[in-house]
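These notes are about the structure you will find just below.
Being a predicted model, the structure only gives us computed values, none of them experimental.
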Amino acid sequence: MARSFKILGLIVLTFLIVWAIVIIQWQQTRRMPDTRDIVLYLVALPIGLLLMFWGLKTGIDRMRQPPPAVEASADPQAAATEQAQAAQARERTLTARVLAQAVALPAGADAAAAIEALRDPGTRPELDKEFTNADGFPIAVARLQDIAPDDEALRDELDALSPGLAWQPTTVRAVAALDMVLMQALDLVNAALPEPPDEALPRARRPEPLTLRVTTFVSNDRMPENERQLLARWVLQRCVGALDERRARAQVSVAPVRNGTDALLAIDRWIVNAHKREEQEVLLALAADSLVAQHTIDELAAQHALFGPEQSNGRVPGEAAAALAIARPEAALQWPELDVRLHRIGLGKRDKSADASGRIAADLHATLARQCLEVAQVQGSDIKLVYTDIDHRASRGVELGALMNELLPELDPIEDRCALGVGCGDTGAAAGLATLALATAAALDNEEPALVLSSFDAFDRAATLVRRMPPPPPAAT
């Protein structure tokens, strides 16, 4: 009620003041007002003044009010989406630190020799008289020369796991290749493990041994389930014999995969999960595969997928094994002097098969590679060599060339690449990890970041970056 009287009083007062001023002005000027003057000065003018006053007061009141709490009234679903996007962006920056790498490849006795050979476009698998096509002619095969077909010691080990089992020839060769890298990697992992606890401490106060998660990637087509189970036992025996159980305990599994890109996907998932759980564990990723057997060659020929004079887009049977040990950079380990990091692995799937006729686009793979460079804050000009699993097939070379012309125009798509498949053929489940291990070995030898690309498969694509981190600044004295 009091507020209403105040408003009414203000209105009356405004009218009286305006009327008084106007009437006095008319008297002094001896003006006879007409109807228009009366309406304009005695009615419209005071109403206009009242409206102007009301507008000013409203504006001042609004300015004095605190700003609305946008966050509090925001859509909960939109806020959740923003938080999820922020978490995803943080996850993209996660890295793993490299402890060990090893490769067994037909192109070279070790990683350095293989890189040098695979950089040469002329390094190609040669004709092998032991393996022939349907017409009886020798075919091109890329096989490890260090694998003896009559390795009695290895066969005795495998026979001891399951007496009487007729092992697949490709499995025997894959295990032999794996044996060439497993012990190298375990030696390097051993050197990085924490020191064993003091024996004088009560058992309840001793820290738990670190977990060494050993995952072996094999082909789900060439290695049957019963052989995979026996392979897991064989790997476990090797790990138990090499590790000090006071320092680390191995958890062994064998993972069947469609191709080398599946192995990279599993490694990327481990990186994310290890950071989320802040685990004090080491991942030892192993991969081994072999297509070097007459029955495998006959199957490729029946599928019109064997390289030869009449099938230039066919695949060359190959074999390989690789090992890569990584851990969270924050893990309490005795790290090597050089800090080599593996960034998250970007993965995608093409809409159109790279084996189909027509134009081969590199849009997806270029996007994955660009995202890797952006997240790692690496310029394309910093890349001096591309590590890829592609082979001789023209479609894979065209796709890689388009990607390099777009992102790395300073590089030559032929001269500035290390192409695993060109020199080692189809290495199956080992292709992705072997390419990654080669890039890791290169990062240990020089400071140039290494871009790793996987496009051997008709659909799956992957990209990641491996690089050596600068040494930490000296501690202040």
Side-chain angles (χ1 to χ4, degrees), residues 103-109 113-114 117-118 120-155 158 165-181 218-224 227 231 257-260 287-322 355 389-394 396 419-431 434-435 456-458:
V103 291
L105 299 172
L118 294 173
D120 181 1
T123 300
R124 301 293 174 104
E126 298 180 351
L127 296 177
D128 194 321
K129 295 180 180 180
E130 186 176 338
F131 302 100
T132 59
N133 60 17
D135 298 324
F137 294 106
I139 64 168
V141 172
R143 61 169 166 169
L144 287 159
Q145 299 301 320
D146 293 337
I147 296 180
D150 55 350
D151 188 341
E152 295 183 2
L154 178 61
R155 285 190 174 274
L158 297 179
L165 176 66
W167 291 78
Q168 296 280 343
T170 50
T171 298
V172 176
R173 294 191 67 88
V175 175
L178 185 62
D179 200 21
M180 298 167 63
V181 301
V218 299
S219 170
N220 61 353
D221 292 331
R222 283 176 289 280
M223 189 177 294
E227 292 184 350
L231 176 60
V257 294
R258 297 173 301 115
N259 52 43
D289 202 356
S290 176
L291 286 77
V292 180
Q294 189 62 52
H295 76 276
T296 305
I297 292 169
D298 294 340
E299 290 174 0
L300 289 174
Q303 299 167 4
H304 304 287
L306 179 65
F307 174 75
E310 299 178 356
Q311 192 68 39
S312 60
N313 285 326
R315 308 200 306 272
V316 175
E319 58 188 3
D355 294 329
D389 58 2
I390 68 167
D391 58 3
H392 64 279
R393 288 174 290 178
R396 304 310 192 269
L420 176 74
V422 172
C424 299
D426 183 356
T427 54
T435 307
F456 189 94
D457 187 72

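Of all non-hydrogen atoms in Ile147 and Ala176, the two that sit nearest each other are CG2-CB, 3.9 Å. Of all heavy-atom pairs between Ile297 and Leu291, the closest is CG1-O, 4.3 Å. Minimum interatomic distance between Ser290 and Ala174 (heavy atoms only, all atoms of both residues): CB-N, 4.1 Å. In terms of heavy-atom proximity, Asp355 sits nearest to Arg393 at OD1-NH1, 3.8 Å. In terms of heavy atoms, Leu127 sits closest to Ala140 at CD2-N, 3.6 Å. Residues Ala177 and Ala104 share a closest heavy-atom pair of O-CB, 4.0 Å.
A distance of 8.0 Å separates SG of Cys424 from CG of Leu144, quoted to the nearest 0.5 Å. Going from atom CH2 of Trp167 over to atom CE of Met223 covers 7.5 Å, rounded to the nearest 0.5 Å. The line from CG of Leu105 to CG of Leu420 is 6.0 Å long, rounded to the nearest 0.5 Å. In this structure, the separation between CZ on Arg222 and OG1 on Thr170 is 7.0 Å, given to the nearest 0.5 Å. Distance OG1/Thr171 to CG/Asp289: 9.0 Å, rounded to 0.5 Å.
In terms of modelled atom types and a separation under 3.5 Å, the side chain of Thr123 and the main chain of Gly423 share no donor-acceptor contact. A distance-only check finds a donor-acceptor pair linking the side chain of Gln294 to the backbone of Thr132 [under 3.5 Å]. Put simply, the side chain of Asp389 gets close to the backbone of Phe456: a donor and an acceptor are under 3.5 Å apart. At distances below 3.5 Å, not a single donor-acceptor pair connects side-chain atoms of Glu319 with backbone N or O atoms of Arg173. Checked by atom type and distance alone, the side chain of Gln311 pairs as donor or acceptor with a backbone atom of His304 at under 3.5 Å. No donor-acceptor pair under 3.5 Å is formed between the side chain of Thr427 and the backbone N or O of Ala430. Side-chain atoms of Thr296 never come within 3.5 Å of backbone atoms of Val292 as a donor-acceptor pair (strictly under, hydrogens ignored). Here the side chain of Asn133 pairs a donor or acceptor atom with the backbone of Asp135 at under 3.5 angstrom.
Looking at Asp457 and Arg396, no side-chain N of the basic residue comes within less than 4.0 Å of a carboxylate O on the acidic one, giving no salt bridge. Under a 4.0 Å N-O distance rule, the pair Asp391/Arg315 does not qualify as a salt bridge.
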Candidate pair Leu178 and Val218, rule side-chain contact (heavy atoms from CB on, under 4.5 Å), full reasoning: CA-CA 10 Å; Leu178 185 62; Val218 299; over 6 Å; no
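Residues passing the salt bridge (charged side-chain N to carboxylate O under 4.0 Å, His left out) test with Arg258 are Asp262, Asp460, sequence neighbours excluded. Residues meeting the salt bridge (charged side-chain N to carboxylate O under 4.0 Å, His left out) test with Asp179, sequence neighbours left out: Arg238.
Other residues, nucleotides and ligands contribute at most 12 non-hydrogen atoms within 6.0 Å of the CD atom of Glu126.
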